[in-house]
Amino acid sequence: MAILLPRKPTLICLTVLGPICIVDGIVKKNTQEILAMLAVFIYAVVTLIMDSRKKKKLIDKNNREHNNPVNPNR
């Protein structure tokens, strides 16, 4: 699945499926499944948050550059 989807939809799918698999691991009492999906879930959430912050910083930087034109006549 991760190979066929672009980055953001894959991370969103992992964010949704992570808790479901964690609960499934708890029901089955499978420690390896719980730990693996917990790591995947944390990675997906942190990556989504960091990507959104990076995008916001880039938008702010572009707005500052375009809103402050340089006037050589001053």
Side-chain angles (χ1 to χ4, degrees):
M1 179 175 78
I3 295 171
L4 299 176
L5 291 174
R7 179 183 170 100
K8 191 165 187 173
T10 303
L11 290 172
I12 292 171
C13 289
L14 290 175
T15 303
V16 172
L17 293 176
I20 294 170
C21 292
I22 291 171
V23 170
D24 183 52
I26 292 170
V27 170
K28 291 180 183 177
K29 297 180 181 174
N30 187 348
T31 308
Q32 289 179 342
E33 183 177 352
I34 295 169
L35 293 176
M37 286 313 297
L38 186 62
V40 169
F41 176 69
I42 291 171
Y43 170 77
V45 170
V46 169
T47 305
L48 283 172
I49 291 171
M50 296 305 289
D51 284 351
S52 67
R53 285 185 181 177
K54 188 186 299 182
K55 189 174 183 179
K56 184 178 178 185
K57 285 182 182 179
L58 183 61
I59 290 170
D60 289 343
K61 181 180 177 185
N62 286 340
N63 285 339
R64 280 194 310 260
E65 289 176 359
H66 293 293
N67 288 336
N68 297 325
V70 177
N71 189 354
N73 296 328
R74 286 189 179 180

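Note that the coordinates shown come from a computational prediction; the quantities given were computed from them, not determined experimentally.
- Distance check: T31 OG1 to L35 CG gives 6.5 Å after rounding to the nearest 0.5 Å.
- Evaluation of the salt bridge (charged side-chain N to carboxylate O under 4.0 Å, His left out) test over residues 40-52, restricted to residues two or more places apart or in two chains, returns R7-D51.
- V23 and I34 fall into different hydrophobic clusters, where Ile, Leu, Val, Met, Phe, Trp and Tyr are joined by side-chain heavy atoms under 4.5 Å apart, directly or via other members.
- In the hydrophobic clustering (ILVMFWY side chains linked at under 4.5 Å, chained through shared members), L48 is joined by L11, I12, Y43.
- Evaluation of the salt bridge (charged side-chain N to carboxylate O under 4.0 Å, His left out) test over residues 33-44, restricted to residues two or more places apart or in two chains, returns none.
- For N30, the side-chain hydrogen bond (donor to acceptor under 3.5 Å, both in side chains) test picks out no residue, with sequence neighbours left out.
- A continuous path of ILVMFWY side-chain contacts below 4.5 Å connects V40 to M50, so both sit in one hydrophobic cluster.
- We find the CE-CG distance between M37 and L17 to be 6.5 Å, quoted to the nearest 0.5 Å.
- Residues satisfying the salt bridge (charged side-chain N to carboxylate O under 4.0 Å, His left out) criterion with K29, sequence neighbours excluded, are absent altogether.
- Within the structure, side chain to side chain donor-acceptor pair (under 3.5 Å) contacts touching residues 11-24 (residues at least two apart or in different chains) are D24-K28.
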